[in-house]
Amino acid sequence: MLKVTVMACEMGLRALGLPAGVPLRPDVPVKTGGVVTFLNDAPKTGAILFV
């Protein structure tokens, strides 16, 4: 199993007019946050993919 966290930009979701708390995908857990949250949660010794 891959230990992956999928994170969506909170400001981007607001800009698109998507309501807070609504699941983006039912099959993938998506965490919302900003750049500070992303960098704080990023592992110090792991790989990061920022798209």
Side-chain angles (χ1 to χ4, degrees):
M1 175 176 204
L2 298 175
K3 295 180 182 178
V4 175
T5 300
V6 176
M7 184 178 288
C9 176
E10 187 175 9
M11 291 177 85
L13 295 174
R14 284 188 205 168
L16 292 172
L18 296 173
V22 174
L24 298 175
R25 296 229 355 215
D27 58 334
V28 177
V30 178
K31 179 179 177 181
T32 58
V35 173
V36 174
T37 304
F38 174 76
L39 293 174
N40 188 50
D41 290 355
K44 305 299 181 228
T45 59
I48 298 173
L49 176 63
F50 183 84
V51 179

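Start at 1 with the first residue, then count along the sequence.
Side-chain heavy atoms closer than 4.5 Å link hydrophobic residues (I, L, V, M, F, W, Y) into clusters, and following such links, possibly through other members, connects Ile48 to Leu39. Both Leu24 and Leu16 sit in one connected hydrophobic cluster of ILVMFWY residues. Membership requires side-chain heavy atoms under 4.5 Å apart, directly or through other members. One hydrophobic cluster, built from ILVMFWY side chains closer than 4.5 Å, cannot hold both Val22 and Val28; they sit in different ones. The cluster map of Ile, Leu, Val, Met, Phe, Trp and Tyr, joined by side-chain heavy atoms under 4.5 Å apart, puts Leu13 and Val30 in the same cluster. In this structure, Phe38 is not a member of the same hydrophobic cluster as Met11, with clusters built from ILVMFWY side-chain heavy atoms closer than 4.5 Å.
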Please report the C-alpha distance between Arg25 and Val6 in whole Å, then the side-chain angles of each, then the deciding distance to 0.1 Å, and finally whether the side-chain contact (heavy atoms from CB on, under 4.5 Å) criterion is met.
CA-CA 11 Å; Arg25 296 229 355 215; Val6 176; over 6 Å; no
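Note that OG1 of Thr32 and CG of Leu18 are 11.5 Å apart. Values are rounded to the nearest 0.5 Å. Expressed to the nearest 0.5 Å, how far OG1 of Thr37 lies from CD of Glu10 amounts to 7.5 Å.
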